[in-house]
Amino acid sequence: MTVSTYTVLGLETSCDETAAAVVRRGPDGGVDVLSSIVASQIAAHAPFGGVVPEIAARAHVENIDAIVARALADAGLGFGDLTGVAATAGPGLVGGVMVGLSFGKAVALARSLPLVAVNHLEGHAVSARLAADLDYPFLLLLVSGGHCQLLAVDGVGACRRLGSTIDDAAGEAFDKIAKTLGLPYPGGPALEALAEGGDAARFTLPRMLLGRKDCDFSFSGLKTAAARIAEGLTTHAERRDLAAAVQGAIANQLAERSDRAMIAYALAHQGRSLRFVVAGGVAANRAVRTRLEATAQSRGFSFTAPPLAYCTDNAAMIALAGAERLALGISDPLDAPARPRWPLDAAAASSKPTHIPGRKGAKA
Ligand code: KG4
Ligand code: ZN
């Protein structure tokens with residue numbers, strides 16, 4: 001019997017969010033998010049100013065049973081109603097990844113369900129499809145705490161990297177600069193709130209990689225410059241204005257590099273629909289969204305960003321990535337490994353690594 005409707009339990013444990021969701025994908029490709037539960041560990045990590053891997057892994061173990069039970073209850077379903085299980089298998093903090101992946105394997109084994117070991121980045125790549133009719137192919141800017149890449153996405157699992165950060169990810173830049181401004185972790189949302197009403201023109205910050213013709217990103221110079229300025233600030237108004245300047249500088253760079261990628265992408269896709277998608281935690285930032293939307297419009301691209309809840313880490317995007325693979329007849333064996341490093345475009349990552357490759361290969 002061919003199954004044409006997929007009801008998939010998604011599990012996400014690659015960083016500091018324990019998440020479970022149930023997503024149904026119909027025969028026509030229509031998507032229904034039946035439930036999406038995200039338990040944030042922010043309070044557990046906040047005293048350390050960042051995510052502590054061992055604390056994260058333990059918290060995932062403690063939370064996952066209850067989170068999955070809530071996801072099923074919210075969907076009004078039991079394990080017997082599922083047609084597949086999808087769990088993030090990397091990239092991420094391996095202790096956490098193993099918790100969700102092992103849980104997924106146990107459910108798959110106990111219920112004789114197919115398992116999909118999902119690349120977390122593929123989850124972000126499909127996240128805009130959770131709430132919008134968005135066809136392939138599209139140009140994707142993936143901006144999160146760990147990643148900053150421009151990708152040509154041709155279909156499920158078919159990504160070509162056009163550019164990537166040569167140092168920090170955009171979210172990492174938000175988080176680190178927020179820390180120098182005395183803001184709590186995670187810094188991105190806190191910095192956005194502080195920047196409200198600020199005068200970005202008060203401080204001049206460096207514009208990175210201006211002369212370069214590629215689509216790569218760099219945020220380390222901005223981080224150093226902002227930290228130096230932050231040291232000398234005394235008033236709230238100054239800190240607010242610096243936050244606005246930093247947010248503007250990051251939004252500018254994301255828009256400049258995306259603009260460059262759009263030009264190349266449009267040349268390669270003449271006569272076809274041009275779609276630009278932004279995903280990942282930083283896509284939750286309103287200044288970033290506004291800048292990118294204007295850039296897309298000026299280049300004749302449609303613009304799609306996921307609703308805020310699907311920008312940051314969640315399991316609905318993992319369930320959908322799994323359902324899309326199952327619909328193509330793709331699943332993974334029960335010995336699928338947890339992969340701390342797992343580039344979406346493996347060919348580009350090994351031939352043109354932007355991070356120095358570690359012992360186990362390219363990270364992003
Ligand atoms: O996608 P995500 O939840 O986790 C990763 O896969 O990394 O992204 C988290 C990142 C953090 O760096 C956080 O500071 C940033 O996204 N972020 C934001 C905002 N919301 C989350 N950055 C700027 N403005 C926001 N509103
Ligand atoms: Zn993520």
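Just so it is clear, the values below take in all heavy atoms, side chains as well, and ignore hydrogens, waters and symmetry mates. Numbering of ligands and ligand atoms starts at 1, following listing order.
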**Request:** Determine, step by step, whether Lys105 and Val85 satisfy the side-chain contact (heavy atoms from CB on, under 4.5 Å) criterion, reporting the C-alpha distance in whole Å, the side-chain angles of both residues, the deciding distance to 0.1 Å, and the verdict.
**Result:** CA-CA 8 Å; Lys105 288 176 178 178; Val85 186; over 6 Å; no
**Item:** Distance from atom 13 (C) of ligand 1 to nearest protein heavy atom, with residue and atom
**Value:** Asp175 OD1, 3.7 Å
**Asked** Is Pro189 near ligand 1, meaning one of its heavy atoms is under 4.0 Å from it?
**Response** yes
**Asked** Taking atom types as modelled and ignoring hydrogens, do the side chains of Ser220 and Asp167 form a donor-acceptor contact shorter than 3.5 angstrom?
**Response** yes
**Message:** Can you name the atoms of ligand 1, numbered from 1 with element, that are less than 4.0 Å from a heavy atom of Gly146?
**Reply:** 7 (O)
**Request:** Select one of side chain, backbone, both or neither to describe which atoms of His147 lie under 4.0 Å from any atom of ligand 1, heavy atoms only.
**Result:** neither
**Asked** Who passes side-chain contact (heavy atoms from CB on, under 4.5 Å) against Glu172, sequence neighbours left out?
**Response** Asp168, Ala169, Lys176
**Close-contact set for ligand 1 against Glu192 heavy atoms, below 4.0 Å** = 24 (N), 25 (C), 26 (N)
**Under 2.8 Å from the Zn ion (ligand 2) - protein N/O/S, by chain and number** = His120 NE2, His124 NE2, Asp313 OD1
**Request:** Indicate yes or no: does an N/O atom of Gly280 lie under 3.5 Å from an N/O atom of ligand 1?
**Result:** no
**Asked** What do you reckon, does Gly145 have a nitrogen or oxygen under 3.5 Å from a nitrogen or oxygen of ligand 1?
**Response** yes
**Message:** Considering Ser127, Gly281, Ala283, Gly188 one by one, which has a heavy atom nearer to atom 20 (N) of ligand 1 than any of the others?
**Reply:** Gly281
**Item:** His120 to ligand 1, any heavy atom closer than 4.0 Å
**Value:** yes
**Request:** Compute the shortest N/O to N/O distance between Phe174 and ligand 1 and return yes if it is under 3.5 Å, no if not.
**Result:** no
**Asked** Between the side chains of Asn252 and Arg291, does any donor sit under 3.5 Å from an acceptor?
**Response** yes
**Message:** I need the contact type for Asp313 against ligand 1. Using non-hydrogen atoms and a strict under-4.0 Å cut-off, is it side chain, backbone, both or neither?
**Reply:** both
**Prompt:** Strictly by modelled atom types, are Arg24 and Thr7 linked by a side-chain donor-acceptor pair under 3.5 Å?
**Reply:** yes
**Prompt:** Using heavy atoms and a threshold below 4.0 Å, how should the contact between His124 and ligand 1 be classified: side chain, backbone, both, or neither?
**Reply:** side chain
**Prompt:** Can you tell me if CZ on Arg202 sees more than 12 non-hydrogen neighbours from other groups inside 6.0 Å?
**Reply:** yes
**Message:** Counting non-hydrogen protein atoms only, what is the nearest one to atom 24 (N) of ligand 1? Give residue, atom name and distance.
**Reply:** Asn285 ND2, 3.0 Å
**Message:** Other residues, nucleotides and ligands only: do more than 12 of their heavy atoms fall within 6.0 Å of CE on Met98?
**Reply:** no
**Message:** Which residues pass the side chain to side chain donor-acceptor pair (under 3.5 Å) test with Ser14, not counting sequence neighbours?
**Reply:** Glu12, His120
**Request:** Determine whether more than 12 heavy atoms belonging to other residues, nucleotides or ligands lie under 6.0 Å from atom CG of Asp133.
**Result:** no
**Request:** Pull out every atom of ligand 1 sitting under 4.0 Å from any heavy atom of Gly171, numbered as shown with elements.
**Result:** 12 (O)
**Request:** Answer yes or no for Arg129 and Tyr136: cation-pi contact, defined as NZ/CZ to six-membered ring centre under 6.0 Å and angle to ring axis within 45°.
**Result:** yes
**Message:** Check this for me: Arg299, atom CZ, are more than 12 non-hydrogen atoms of other residues, nucleotides or ligands nearer than 6.0 Å?
**Reply:** yes
**Item:** Pair Asp214 + Arg257: basic N to acidic O under 4.0 Å
**Value:** yes
**Request:** List in chain and number order the residues that pass side chain to side chain donor-acceptor pair (under 3.5 Å) with Arg160, two or more places apart in sequence or in another chain; answer none if no residue qualifies.
**Result:** none
